[in-house]
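So the structure is just underneath, and the comments pick up after that.
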Amino acid sequence: AQKITQTQPGMFVQEKEAVTLDCTYDTSDPSYGLFWYKQPSSGEMIFLIYQGSYDQQNATEGRYSLNFQKARKSANLVISASQLGDSAMYFCAMRGLLSGNTPLVFGKGTRLSVIA
Amino acid sequence: DGGITQSPKYLFRKEGQNVTLSCEQNLNHDAMYWYRQDPGQGLRLIYYSQIVNDFQKGDIAEGYSVSREKKESFPLTVTSAQKNPTAFYLCASNPGLAGGRDTQYFGPGTRLTVL
């Protein structure tokens, strides 16, 4: 079984600054994947970035990067140069990679507010 | 355009009535999922299906039922047995080709309110 913990219910960041959203996880799977999604007020879930547990490098996608620390079981999302449009809920999720199409397990999310 | 559609976007029902939420995908994905989201909460898994004519219960399946008769369709029925059905319901799918590395794609969601 997997568990995701996001300890920051809400975060504020000044426009153009960087922000880190925390995510810790627990799993007994030897191989697993970690995902981050963004949910604007419209409700849609937007995939941001993926990190595999055996990937050699931390994942990056544009302004998003993942600070993956396997020994600490953390997969924090870093958003650089924040924009007003980044204001949304952010969810960390994971699944074991040895079991195919099993559903993602989600954390409770962090609400990010970007201030002008 | 390929994607996942959910209808309707807003749904109101009277207490004691069953209601069916639609989820259709034209992405040719094998796996489909239903999640429930309550205000300020994460997504909780209701049911999922990894292949046509097969599905499994998730963490909160009580009061819900599903069918998977076609690859592209995975409707969710909220029955009168579901004690607190007012929530935001999200349908998702993924290809099932990359051993779990696949991204899960989501529909726009249906907001159900019980009056």
Side-chain angles (χ1 to χ4, degrees), chain A residues 1-10 21 23 25 27 29-55 59 61 64 66 88-112, chain B residues 3-6 8-10 27 29-52 54-61 66 68 71 74 87-112:
Chain A
Q2 290 95 26
K3 183 177 180 182
I4 294 283
T5 302
Q6 294 180 256
T7 57
Q8 305 155 315
L21 306 183
C23 172
Y25 60 90
T27 181
D29 287 300
S31 179
Y32 49 89
L34 296 150
F35 301 75
W36 276 91
Y37 285 83
K38 172 184 178 181
Q39 187 181 43
S41 57
S42 59
E44 62 185 310
M45 294 287 285
I46 302 168
F47 167 72
L48 297 178
I49 195 167
Y50 167 85
Q51 177 82 47
S53 59
Y54 283 99
D55 291 344
E61 289 285 350
Y64 305 108
L66 210 151
M89 283 289 290
Y90 288 81
F91 292 97
C92 181
M94 75 177 301
R95 69 150 67 95
L97 296 185
L98 299 181
S99 39
N101 297 329
T102 55
L104 292 179
V105 174
F106 286 84
K108 292 192 174 182
T110 295
R111 182 172 297 282
L112 177 66
Chain B
I4 303 174
T5 56
Q6 291 186 243
K9 187 169 184 175
Y10 297 96
L27 301 166
H29 287 177
D30 285 315
M32 297 187 73
Y33 313 86
W34 274 105
Y35 292 91
R36 169 181 171 142
Q37 186 179 22
D38 293 284
Q41 297 294 313
L43 279 65
R44 292 185 291 167
L45 182 68
I46 305 173
Y47 268 96
Y48 67 103
S49 169
Q50 295 182 317
I51 198 167
V52 174
D54 188 45
F55 49 82
Q56 288 79 41
K57 292 182 179 180
D59 301 318
I60 54 166
V66 293
R68 186 85 188 277
K71 189 175 186 177
F74 191 41
F88 186 55
Y89 291 86
L90 283 158
C91 179
S93 70
N94 72 251
L97 299 175
R101 300 176 71 95
D102 300 313
T103 302
Q104 235 172 250
Y105 296 87
F106 283 83
T110 292
R111 196 167 297 279
L112 173 65

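So that the names make sense, note that chain A is the first sequence line, chain B the second, and so on, each numbered from 1.
Residues that satisfy the salt bridge (charged side-chain N to carboxylate O under 4.0 Å, His left out) test with B:Asp59, not counting sequence neighbours, are absent from this structure. Taking A:Thr110 as the reference, nothing meets the side-chain hydrogen bond (donor to acceptor under 3.5 Å, both in side chains) condition, with sequence neighbours excluded.
Residue with the most contacts toward chain A among B:Gln56, B:Arg44, B:Gln104: B:Gln104 (heavy-atom pairs, distance under 4.5 Å). Listed options A:Gly107, A:Pro9, A:Gly52, A:Pro103 were ranked by heavy-atom pairs under 4.5 angstrom with chain B; first place goes to A:Pro103.
For A:Gln6, no part lies near chain B; criterion is any non-hydrogen pair under 4.5 Å. Contacts between A:Asp29 and chain B at a heavy-atom distance below 4.5 Å are absent for every atom of the residue. Contact of A:Tyr32 with chain B is not made at all, since no heavy-atom distance falls under 4.5 Å. Interface residue B:Leu43: backbone and side-chain heavy atoms are both found under 4.5 Å from chain A. Contacts between B:Gln37 and chain A at a heavy-atom distance below 4.5 Å involve the side chain alone, from C-beta outward.
The heavy-atom pair separating B:Gln6 from B:Gly109 by the smallest distance is OE1-N, 3.0 Å. The minimum heavy-atom distance between B:Ser93 and B:Ile4, with the atom names listed, is OG-CD1, 3.3 Å. Closest approach of B:Phe74 and B:Tyr47 over heavy atoms only: CE2-O, 4.1 Å.
The aromatic rings of B:His29 and B:Tyr105 sit tilted relative to each other, their planes meeting at an angle between 30° and 60°.
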